[in-house]
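Proteins come first, then strands; the chains are lettered A, B, ... in the order of their sequence lines, and each starts at number 1. All values below come from the heavy atoms of this structure, side chains included, with hydrogens, waters and symmetry mates left out. All of these numbers come straight from a predicted model, not from anything done at the bench.
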Amino acid sequence: MAEIDNNGINQEEILPKNFIQQQIIDDLAEGKNGGRVHTRFPPEPNGYLHIGHAKSICLNFGTARKFGGLTNLRFDDTNPTKEDTEYVDSIMEDVRWLGFDWDDRLYYASDYFDKLYEFAVSLIKTGKAYVDFQSQEVISEQKGVPTRPGIDSPYRNTSPEENLEIFARMKDGFYNEGECVLRAKIDMSSPNMHMRDPLMYRILKQPHHRTGDKWCIYPMYDYAHGQCDYWEGITHSICTLEFEVHRPLYDWFIDELKDSDYRPRQIEFSRLNITYNVMSKRLLLLMVKEGYVKGWDDPRMPTICGLRRRGYTPESMRAFSDRVGVTKVDGVTDVAVLEYCIREDLNKTAQRVMGVIDPLKVVITNYPEGLVEELDAINNPEDESKGKRKVPFSRELYIEREDFMENPTNKFYRLSVGREVRLRYSYFIKCNEVIKNDQGEVIELHCTYDPETRGGNAPDGRKVKATLHWVAVAQAVKAEVRLYDRLFTDADPSGHKDKDFLDFLNPDSLSVLTDCYIEPFVKNGKPLDSFQFERLGYFNIDPDTTTDKIVFNRIVSLKDGFKKL
RNA sequence: UGUCCUGUGGUGUAAUUGGCAACACGUCUGAUUCUGGAUCAGAAGAGUUCAGGUUCGAAACCUGACAGGACAACCA
């Protein structure tokens with residue numbers, strides 16, 4: 001049994017699950033930060049969140065929760081040229097949908113613009129920051145390259161008094177964009193490029209989505225992030241690997257700022273990659289803008305809103321995030337793991353229903369015309385409490401075209417002429433005759449049923465090898481079904497130096513079937529409700545559904561236990 | 001020819017800190033089944049990038065290679 005100690009921390013769960021939790025445990029053991037654990041999720045509102053962010057959300061909120069701590073949501077909005085409130089709203093929706101809550105701890109980097117300015121002034125006063133009037137090109141040239149040290153700027157030794165005046169003018173809009181920048185005075189010969197007098201502020205005469213026209217100078221990420229962490233009391237600042245080389249700078253600013261033993265600590269982990277996907281905001285934005293997909297929430301997209309529309313559940317996303325783990329190894333997760341997670345969830349929860357997506361008409365020649373029977377069907381065999389429903393059965397039915405084979409191979413044991421199969425929850429039927437059109441295509445089957453097998457079992461105990469799903473023609477709901485395949489044909493579309501990721505776009509990633517028939521039960525469904533179409537897979541109702549057309553998305557197929565022959 | 005990070009079955013992770021390399025996904029068997037699903041039972045698959053060293057004992061520690069990644073935005 002779990003024991004709760006007086007900090008409310010579950011002692012049973014205190015075993016580290018990954019290296020970050022191990023480091024937190026070590027920090028706690030050393031008595032750092034007064035035993036607090038406080039994380040933050042810091043998205044830049046310049047695009048929609050994707051499944052990699054979902055992992056980060058689960059990691060930040062999940063880790064804090066495990067240690068009885070808190071997590072802030074903080075928008076990293078230091079660049080008004082790229083950011084927008086549209087993205088702020090979608091990000092909040094996505095975090096909540098995933099099942100996390102920041103309570104009243106919603107922050108913006110822009111909340112700290114005044115404090116950041118004051119801190120910059122204090123760094124100027126101590127001679128640790130200076131305004132540089134050189135062009136971007138010159139500054140870049142002076143920075144050198146990783147293998148060769150840089151050289152000092154001629155503005156490096158301007159007096160603090162003069163810098164103070166200039167910086168105030170900079171803030172007041174006296175200079176033009178690009179005319180000057182504020183830099184930290186650190187070490188132009190550092191082997192770490194980020195320590196070669198990094199930029200703290202640049203001039204951007206752009207209105208900001210929150211501060212409006214108040215500022216024309218905006219802090220750089222490196223100058224803002226750690227200080228925001230500090231002022232919010234963040235203890236563990238978890239980010240992705242590309243910020244690893246920024247850590248010395250993060251620490252440098254904190255050292256200048258801190259006035260107690262408390263300090264936030266940056267810990268990096270490797271970002272999520274999934275086979276047959278791209279996971280970069282830039283590339284995802286490009287696919288949306290250029291129309292390769294229908295939008296950020298296209299069900300083929302690895303965005304959170306895309307996966308939500310596709311039918312992925314928050315539970316499945318959290319389970320996935322848990323399964324992939326947290327390390328510093330740059331790897332690729334098989335998309336099969338994601339699919340496993342949604343199947344695992346939906347198998348336990350999804351309402352079963354019968355639907356035929358590639359119909360073949362069947363006439364039960366010995367079944368009374370005009371008769372409709374209501375037969376019992378189980379709503380979810382994995383969950384007795386979900387009960388049963390009635391499914392109408394009549395003389396004319398649809399079955400799946402691929403469940404019939406005129407000349408069956410020896411591994412095919414479904415319907416064929418002379419064979420008997422079971423129609424799920426109804427009767428055994430035997431196929432007697434194949435009706436073809438002028439092109440020789442099978443258009444209809446004539447079968448007979450055995451009235452003794454009502455419900456699906458034969459009193460004489462005889463067995464059939466296959467059970468087929470079906471729908472009654474007259475009662476079926478006609479539907480559009482959208483089938484999705486992977487968006488790319490290559491496992492690592494953006495990983496080829498000589499090829500563009502668009503070269504690997506899968507032309508068949510979407511197929512729309514318009515002649516599908518589903519049992520009447522689905523009429524009660526609302527957009528985003530999900531079902532298992534028995535033997536086919538999991539499907540949900542797409543928001544494109546209207547009063548006269550119901551549209552389904554295939555979330556994922558059922559696992560195929562057999563090879564197509 | 002700089003600094004930093006990372007190398008464990010096909011893939012993702014683990015190995016309680018030096019003690020028989022474990023789990024999951026995937027793959028393949030078989031059982032069972034009114035979903036070729038689910039479930040159950042089982043199998044194959046790594047000797048931990050390589051070479052030295054320390055040790056009774058190394059995936060782990062040390063040295064050196066090799067491979068991959070990150071860093072040279074007034075982006076985050």
For nucleotides 15-17 of chain B, tabulate all protein N/O to nucleotide N/O atom pairs closer than 3.5 Å, reporting atom names and distance.
residue : atom : partner : partner atom : Å
B:U17   : O4   : A:Q22   : OE1          : 3.2
B:U17   : O4   : A:Q22   : NE2          : 3.4

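- One N or O donor and one acceptor, one from the side chain of A:R414 and one from the base of B:G36, sit under 3.5 Å apart.
- Whole-Å rounding puts the A:L468 CG to B:G37 P distance at 15 Å.
- You won't find any donor-acceptor pair under 3.5 Å spanning the side chain of A:R323 and the base of B:U13, going by distance alone.
- Annotation: salt bridge (charged side-chain N to carboxylate O under 4.0 Å, His left out) contacts of A:D27 (sequence neighbours excluded): A:K32, A:R265.
- Nearest to the side-chain atoms of A:L558 among the listed nucleotides B:G37, B:C75, B:C25 stands B:G37.
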Base versus backbone protein contacts along nucleotides 66-73 of chain B [heavy-atom cut-off under 4.0 Å; B, S, -]: ---SSSBS
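- The side chain of A:V181 sits closest to B:C74 out of B:C74, B:G12, B:A24.
- Near RNA chain B, meaning a heavy atom under 4.0 Å from it, residues 380-393 of chain A has A:P381, A:E382 in order of number.
- No donor-acceptor contact under 3.5 Å links the side chain of A:Y340 to the base of B:G26.
- Residues A:L375 and A:R454 are in side-chain contact: their nearest non-hydrogen atoms beyond the backbone lie under 4.5 Å apart.
- Of the candidates B:C74, B:U35, B:G26, B:U35 carries the atom nearest the A:R352 side chain, counting heavy atoms from C-beta on.
- Contact annotation: A:R247 does not reach the phosphate of B:C4 (side-chain N/O to OP1 or OP2, under 4.0 Å).
- Counting only Watson-Crick and G-U wobble pairs whose two distances sit under 3.5 Å, RNA chain B takes part in these stems of three or more pairs: B:2-7 with B:66-71, B:10-13 with B:22-25, B:27-31 with B:39-43, B:49-53 with B:61-65.
- Between the side chain of A:S110 and the backbone N or O of A:R210 there is no donor-acceptor pair closer than 3.5 Å.
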Using distance only, find each side-chain donor-acceptor pair of residues 177-184 of chain A under 3.5 Å and give its atom names and separation, not counting sequence neighbours.
residue : atom : partner : partner atom : Å
A:E177  : OE2  : A:K205  : N            : 2.7
A:E179  : OE1  : A:N176  : N            : 2.7
A:R183  : NE   : A:D197  : O            : 2.8
A:R183  : NH1  : A:D132  : OD2          : 2.9
A:R183  : NH2  : A:D197  : O            : 3.2

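- Among the candidates A:F521, A:F552, A:Y538, the single residue satisfying the ring-ring contact (aromatic ring centres under 6.0 Å, His included) test with A:F533 is A:F552.
- For A:D450 and A:R462, the salt-bridge test passes: some basic side-chain N is under 4.0 Å from an acidic carboxylate O.
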